[in-house]
Colleague: 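Below are the structure tokens for one structure; questions will follow.
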There are 2 protein chains.
Amino acid sequence: MQEAPVSVHSASVKDVAAAAGVSLGTVSNVLNRPDRVSPATRERVERVMAELGFVRNESARQLRAGRSRTLAYVVLDAGNPFFTDVAAGIDDAADDAALSVVLCNSANRADREAAHLTRLEQQRVQGILITPVDPDAVALHQVARRGTPIVVVDRTRRLEDFCTVAVDDVLGGRLAVEHLVGRGHRRVAVVGGPTSIGQVHDRYAGARAAWVDAGLDPADLVPLETVAMTVAEGRSAGERLAGLPSRRRPTAAFCANDLLALGLLQQSIGSGRSVPGDLAIVGYDDIEFAAAAAVPLTSVRQPRHQLGRTAASLVLDESTNPDHRHQQVTFTPELVARASTL
Amino acid sequence: MQEAPVSVHSASVKDVAAAAGVSLGTVSNVLNRPDRVSPATRERVERVMAELGFVRNESARQLRAGRSRTLAYVVLDAGNPFFTDVAAGIDDAADDAALSVVLCNSANRADREAAHLTRLEQQRVQGILITPVDPDAVALHQVARRGTPIVVVDRTRRLEDFCTVAVDDVLGGRLAVEHLVGRGHRRVAVVGGPTSIGQVHDRYAGARAAWVDAGLDPADLVPLETVAMTVAEGRSAGERLAGLPSRRRPTAAFCANDLLALGLLQQSIGSGRSVPGDLAIVGYDDIEFAAAAAVPLTSVRQPRHQLGRTAASLVLDESTNPDHRHQQVTFTPELVARASTL
DNA sequence: TTGTAGGCGTTATCAG
DNA sequence: CTGATAACGCCTACAA
């Protein structure tokens with residue numbers, strides 16, 4: 001029933017020129033400097049382009065121009081609303097600069113991240129924004145040194161090869177624990193992992209510092225390590241928590257992200273414990289679902305949109321400003337208290 | 001403090017050949033047919049490539065080859081977990097075919113969708129998977145007719161210019177309402193919109209059909225139109241619902257997606273109504289957050305992963321199989337009953 | 001205003 | 001294995 005495509009991307013500027021009875025240069029001018037072409041011929045050329053289904057070949061353009069008009073954002077987990085919110089910020093900034101953005105999902109896998117990086121570098125994208133599996137990966141630094149502007153998003157660490165945009169995770173961890181201590185909790189679980197993840201490490205560090213500063217016993221800050229930062233892992237942490245003898249069971253939990261917190265919340269309520277009565281919960285990221293949970297979640301908010309916007313503008317600066325200097329931008333997190341901590 | 005990049009993508013095959021003291025053709029062979037090069041020279045060339053920081057220029061390759069090794073998925077809302085789950089299915093299938101996938105977010109805006117389509121076509125991507133703002137948009141059909149393989153995801157409508165992969169939304173709406181009727185509800189709200197969205201239209205149609213088939217009065221199926229399918233809109237619908245006089249207030253709601261349902265759930269509980277006691281709720285999509293809600297949500301599940309996988313394999317078939325015929329694949333949804341409907 | 005002639009980097013071909 | 005050469009499609013000088 002269907003018909004064959006009229007053309008399979010056949011028409012080139014040359015074909016258009018021939019069909020319109022003008023020179024190749026004129027067609028090019030219609031495309032790039034329409035003002036230098038008489039309205040009559042311009043219109044004719046445009047009509048022919050439409051008839052022939054002419055589509056500019058971006059590869060050829062880029063080959064000649066040397067660089068492209070697209071930005072890429074390589075994320076750890078496209079399913080985590082935190083990252084899609086950052087991406088929205090990037091989109092906004094890119095819109096203003098007439099660039100387009102593509103999202104690449106590494107799904108927490110180093111091999112996929114590397115494959116994306118390789119491809120993006122070969123495509124000579126204008127810049128790469130990335131929340132890396134491992135910010136110390138050699139490949140990442142190599143790409144930066146070879147000249148592709150890279151901005152690392154959501155890492156506080158100082159890194160010489162690129163700009164970074166991050167939120168102060170140590171402070172975030174501190175805010176969460178100070179809040180819980182202020183609510184009277186004297187035995188608190190910290191849920192997250194693997195600790196090799198930079199953010200988790202820093203949030204834990206802040207949590208411990210606040211705990212010690214409050215004069216409490218480090219042994220009462222109970223680490224509950226997870227293998228990933230997902231809802232399912234949050235549920236599993238909840239089961240482990242429930243399995244502890246009641247004397248040693250924490251009365252509150254600080255989760256390293258909201259997905260974990262939501263899983264923990266669900267498991268707790270589902271097994272008859274009340275939140276925050278039996279267990280107070282603090283999450284991290286303040287994703288939209290945190291406020292929408294039936295027991296609205298107290299969470300540490302990060303300026304996600306701003307994070308994305310800033311990252312995009314840094315990568316733009318690096319790719320256009322010859323005097324660009326790498327910089328480390330750090331934003332300040334903020335605790336949003338809701339019902340899950342009373 | 002930082003150092004200038006060693007090279008700004010300068011080295012080309014020609015440079016490598018010169019530096020390694022071999023011919024350009026040999027370098028090309030090292031890259032594309034390593035077996036035809038003696039191990040000694042091959043190793044030397046590879047070493048030089050590393051030293052010079054040689055990076056293949058994808059534009060040049062593509063210009064010569066005619067087409068690329070990437071697939072694009074243009075989504076309506078990158079923040080909706082439903083789409084990221086579909087994307088995961090696409091990723092899997094693409095991995096098997098050694099293709100990479102980029103995600104483009106149209107954010108429900110026709111202009112952004114059009115910009116993405118234009119760019120992707122100009123880049124000669126192998127194929128485009130898309131959940132379009134409007135499946136009847138002229139631009140979409142034009143791109144398909146000009147020869148870029150396109151698969152429309154999540155639309156049941158018959159469309160001549162491309163393959164489609166979808167779930168039977170009419171049946172889904174029917175399942176939801178039959179479930180509620182079976183639970184004894186005789187006045188039900190249907191929440192969603194705008195109704196110009198194909199899925200919403202079909203889910204409503206199924207809901208109405210089931211309602212009428214049960215011998216109930218159409219006037220008791222109360223439409224509550226929203227301007228978007230978001231959590232915030234779900235909350236707003238909840239407020240409108242609460243404003244109805246109790247005689248006329250529905251005892252249950254069927255929401256056209258889970259984001260709406262979660263918003264409605266939150267608003268209901270937050271304002272002191274019990275779920276499902278005062279209001280039973282059925283969502284749609286069965287995203288992970290649906291099960292994780294503190295009152296786990298009854299929802300109509302779609303085989304998201306399968307949807308993505310199938311879409312990817314169809315687009316691959318179209319781009320490689322000369323005998324390809326467009327087809328419409330429809331999956332069957334399934335109701336998952338949870339606590340929100342008791 | 002229009003036409004013509006390179007050249008971007010890669011790959012493939014063909015004769016040595 | 002080398003070396004030379006011709007595309008791929010586009011853009012920009014420069015020349016007419």
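Lettering follows sequence order; numbering is per chain, from 1. Nothing here was measured: the structure is a model prediction, and the numbers come from that model.
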Colleague: Output every pair passing salt bridge (Lys or Arg N to Asp or Glu O under 4.0 Å) with a member in residues 20-29 of chain B, not counting sequence neighbours, ordered by first then second residue.
Modeller: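 Qualifying pairs: none.
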
Colleague: Output the rounded distance in Å from CD (B:Glu58) to C1' (C:dT10).
Modeller: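 Whole-Å distance recorded here is 10 Å.
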
Colleague: Write down the distance between CG (B:Asp15) and C1' (C:dC8), rounded to a whole number of angstrom.
Modeller: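 So the CG-C1' distance, B:Asp15 to C:dC8, works out to 13 Å.
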
Colleague: With a 4.0 Å cutoff (strictly under), does any side-chain N or O of A:Asn32 reach OP1 or OP2 of D:dC11?
Modeller: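 Answer yes for this pair, as a side-chain N or O of A:Asn32 is under 4.0 Å from OP1 or OP2.
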
Colleague: Mind jotting down which residue pairs meet the salt bridge (Lys or Arg N to Asp or Glu O under 4.0 Å) criterion with at least one end in residues 13-41 of chain A? Sequence neighbours excluded, please.
Modeller: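 Listed by first then second residue: nothing to list.
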
Colleague: How long is the line joining CZ of A:Arg56 and C1' of D:dC11, in whole Å?
Modeller: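 Spelled out: CZ on A:Arg56 to C1' on D:dC11 is 10 Å.
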
Colleague: Kindly compute the distance separating OH (B:Tyr73) from OG1 (B:Thr84), expressed to the nearest 0.5 Å.
Modeller: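 It is 9.0 Å, given to the nearest 0.5 Å.
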
Colleague: Would you give the length of the straight line joining atom CZ of A:Arg109 to atom CG of B:Asp91, rounded to the nearest 0.5 angstrom?
Modeller: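 Interatomic distance, A:Arg109 CZ to B:Asp91 CG, rounded to 0.5 Å: 9.0 Å.
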
Colleague: Just how far is it from atom CD of A:Gln123 to atom CZ of B:Arg61, taken to the nearest 0.5 Å?
Modeller: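 That separation rounds to 11.0 Å.
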
Colleague: May I ask you to check whether B:Ser23 and B:Thr26 show a side-chain donor-acceptor distance below 3.5 Å?
Modeller: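 Yes, side-chain donor-acceptor contact under 3.5 Å.
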
Colleague: C:dC8 phosphate, OP1 or OP2: any side-chain N/O from B:Ser12 under 4.0 angstrom?
Modeller: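 Indeed not, no polar side-chain atom of B:Ser12 lies that close.
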
Colleague: Can you find a side chain N or O atom of B:Arg61 that sits less than 4.0 Å from OP1 or OP2 on C:dT11?
Modeller: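 Result: yes.
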
Colleague: Check the distance between D:dC10's P and B:Gln62's CD and give it to me in whole angstrom.
Modeller: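 It works out to 13 Å between those atoms.
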
Colleague: Hey, which sits more toward the 5' end of DNA chain C by its nearest nucleotide, A:Gly21 or A:Ala60?
Modeller: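 The residue closer to the strand's 5' end, by nearest nucleotide, is A:Gly21.
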
Colleague: Taking 4.0 Å as the cut-off, does a side-chain nitrogen or oxygen of A:Thr26 come that near to OP1 or OP2 on C:dT2?
Modeller: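 No, no such contact exists.
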
Colleague: Regarding A:Ser59, tell me which of base, sugar-phosphate or nothing describes its non-hydrogen contacts under 4.0 Å with the strands shown.
Modeller: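 A:Ser59: no heavy atom of the nucleic acid under 4.0 Å.
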
Colleague: Output one line per pair: protein atom, nucleotide atom from nucleotides 13-16 of chain C, and distance, for all N/O pairs under 3.5 Å.
Modeller:
none

Colleague: So which one's nearest nucleotide on DNA chain D is more toward 5', B:Pro39 or B:Arg64?
Modeller: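 Result: B:Pro39.
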
Colleague: Pick the nucleotide of DNA chain D nearest each of B:Leu63 and B:Val22; which residue has the one closer to the 5' end?
Modeller: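 Closer to the 5' end of DNA chain D: B:Val22.
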
Colleague: Rounding to an integer number of Å, can you tell me how far A:Gln123 CD sits from C:dC8 P?
Modeller: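 Roughly 22 Å, once rounded to whole Å.
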
Colleague: Take atom CZ of B:Arg124 and atom P of C:dT10, then tell me their distance rounded to the nearest Å.
Modeller: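 One finds 20 Å between P of C:dT10 and CZ of B:Arg124, rounded.
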
Colleague: Give a yes/no on whether any side-chain N or O of A:Ser38 is located under 4.0 angstrom from OP1 or OP2 of C:dT2.
Modeller: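 For A:Ser38, the contact criterion (side-chain N or O under 4.0 Å from OP1 or OP2 of C:dT2) is met.
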
Colleague: To the nearest 0.5 angstrom, please state how far the OG atom of A:Ser319 sits from the CG atom of A:Leu314.
Modeller: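 A:Ser319 atom OG to A:Leu314 atom CG measures 11.0 Å (nearest 0.5 Å).
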
